[in-house]
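Just so it is clear, the values below take in all heavy atoms, side chains as well, and ignore hydrogens, waters and symmetry mates.
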Amino acid sequence: MTTVVVLGAGALGSVYGAWFAEAGAEVTLVARPNHADAVNRGGLRIDDRPPVAVKAVSDPTDADDCDILLMASKAFDNADLLSGYRGSAQAAFSVQNGVRQAEPLVARFGTAAVGCVSLVGGTLGEPGHATHSFDGPTLLGDLPATAPGTAAAIAQVLPGRKLEVHDDIAPALWSKGVLAAAAMGVVGLTRLVYHRIFLLPETRNVFFDLACEGASIAAAEGVELIDGHGPFQIRSLTQESRAKAHRRLAAVGKRMEAAGETEVRVSILQSIDRGRPFEVQAVFGDLVEIADGHGLEVPTLRAVTRLLAAAMPGESGSP
């Protein structure tokens, strides 16, 4: 039997944890006490499906060695969770935001760490119950130092799910990272639901500026963005004129509105709603640091990073 440990099992970690359990794995969730208690009492519920039997603990020291470790916490909780977890892992991946999301796993697990881009959505309602809100794919790929075949081994444990194994995961990691900085930056400052930022010319302008600055950082790193999953096609967007980009983004907002997708609250807005810190450093600050290393001017990204850090000063390590 495959053993899986999910560190930081909130909404997304619970969704993946349930998938692993449904595939026959023995799963341990490391979660907040109220969520862990509810899971141990009544099982882990995803949407309206029957509860799944998994083990849940609130202290990472109570989790054992595993075949697969999934990092699903907010990035600023990495240090405490990884230092608290005393076990080993044969494979490790992260569904966190940020272009450097794999680095803590590489430092902790070495050749077992792989790169991952999760386009899955989840929200956590009452303790013990998560909603699978978006059924996008999960992209996995061995990193330069990864033991060959590790990403493929993870994918084999979840047959029937939307898992893709990429020979080079860097373009997908950077494409999601640039998109996340643009979307979360605008939403975090305006508090608007998602589709609204594409309907207003002012917010479209800032979204486009952030995306283009992010693309310039990726290019300096030698990474070419890709037109992957979803409606944005970030590579094409950042190569268009501002006028064409405005039309493309406005069309996204109108499509969402027509489809009734008018209450989408991205993760940064969910954190704000709950009065919790959000990932300023992982999503924005790391990009600014990489830009500085290349001597790039990224004024919009730098301003958004500073404003968000000031608005949510509780995050450890904010710039």
So [Y] and [X], do their side chains get closer than 4.5 Å, heavy atoms only?
X      : Y      : result
Leu140 : Ile169 : no
Phe207 : Leu179 : yes
Leu173 : Arg100 : no
Trp174 : Ile217 : yes
Tyr85  : Leu69  : yes
Glu22  : Arg49  : yes
Leu163 : Gln156 : no
Pro127 : Arg32  : no

[X] side chain to [Y] main-chain N or O, any donor-acceptor pair under 3.5 Å?
X      : Y      : result
Thr146 : Ala113 : yes
Glu213 : Thr300 : yes
His195 : Ile197 : no
Lys176 : Ser118 : yes
His129 : Asp47  : yes
Ser175 : Ile226 : yes
Asp142 : Pro148 : no
Glu261 : Arg255 : no
Asp67  : Gln90  : no
Arg265 : Tyr194 : no

With rounding to the nearest 0.5 angstrom, report the [atom1] to [atom2] distance, [X] to [Y].
X      : Y      : atom1 : atom2 : value
Phe208 : Lys244 : CZ    : NZ    : 11.5 Å
Leu139 : His166 : CG    : NE2   : 4.5 Å
Leu143 : Cys116 : CG    : SG    : 10.5 Å
Thr28  : Leu7   : OG1   : CG    : 10.0 Å
Leu105 : Leu82  : CG    : CG    : 6.5 Å
Thr238 : Gln233 : OG1   : CD    : 11.0 Å

Considering all heavy atoms of both residues, which atom of [X] and which atom of [Y] are nearest to each other, and what is their separation?
X      : Y      : answer
Val6   : Gly17  : CG2-CA, 4.2 Å
Ala130 : Ser14  : CB-CB, 4.1 Å
Gly10  : His35  : O-NE2, 4.4 Å
Asp62  : Lys55  : O-NZ, 3.9 Å
Arg242 : Asp209 : NH2-OD1, 2.6 Å
Ser267 : Lys74  : CB-NZ, 3.9 Å

- Within residues 184-203 or reaching into it, pairs that qualify as salt bridge (Lys or Arg N to Asp or Glu O under 4.0 Å) - sequence neighbours excluded: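 Salt bridge (Lys or Arg N to Asp or Glu O under 4.0 Å) check on residues 184-203 returns no pairs.
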
Check: Parallel under 30°, tilted from 30 to 60°, perpendicular over 60°: which one fits the rings of Phe93 and Tyr16?
Finding: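 Taking Tyr16 first and then Phe93, their aromatic rings stand perpendicular (interplane angle over 60°).
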
According to a hydrophobic-cluster definition based on side-chain heavy atoms being under 4.5 Å apart (Ile, Leu, Val, Met, Phe, Trp, Tyr only), do [X] and [Y] belong together?
X      : Y      : value
Val30  : Val95  : no
Phe198 : Leu237 : yes
Val27  : Val52  : yes
Leu269 : Val186 : yes
Leu12  : Phe278 : no

- Listed by chain and number, what are the salt bridge (Lys or Arg N to Asp or Glu O under 4.0 Å) partners of Asp64, not counting sequence neighbours?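 With neighbours one apart ignored, the set is empty.
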
Check: For Asp273, does the CG atom have more than 12 heavy-atom neighbours from other residues, nucleotides or ligands under 6.0 Å away?
Finding: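 Yes, CG of Asp273 has more than 12 neighbouring heavy atoms, counting only those of other groups under 6.0 Å.
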
Q.
I'd like to know whether CD of Glu26 has more than 12 heavy-atom contacts from other residues, nucleotides or ligands below 6.0 angstrom.
A.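 No, the 6.0 Å shell around CD holds no more than 12 heavy atoms from other groups.
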
Applying side-chain contact (heavy atoms from CB on, under 4.5 Å), run through Gln281 and Glu289 and close with a yes or a no. CA-CA 10 Å; Gln281 182 61 38; Glu289 289 179 4; 3.1 Å; yes

- Going by distance alone, is a donor N or O of one side chain under 3.5 Å from an acceptor N or O of the other, for Asp227 and Ser236?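 Note: Asp227 and Ser236 side chains meet the donor-acceptor criterion.
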
> Looking just at side-chain N and O atoms, do Gln96 and Ser73 make a donor-acceptor pair shorter than 3.5 Å?
Replying inline: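 Indeed, the side chains of Gln96 and Ser73 share at least one donor-acceptor pair under 3.5 Å.
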
Ion pair check, Arg302 and Asp292, cut-off under 4.0 Å: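 Asp292 and Arg302: salt-bridged.
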
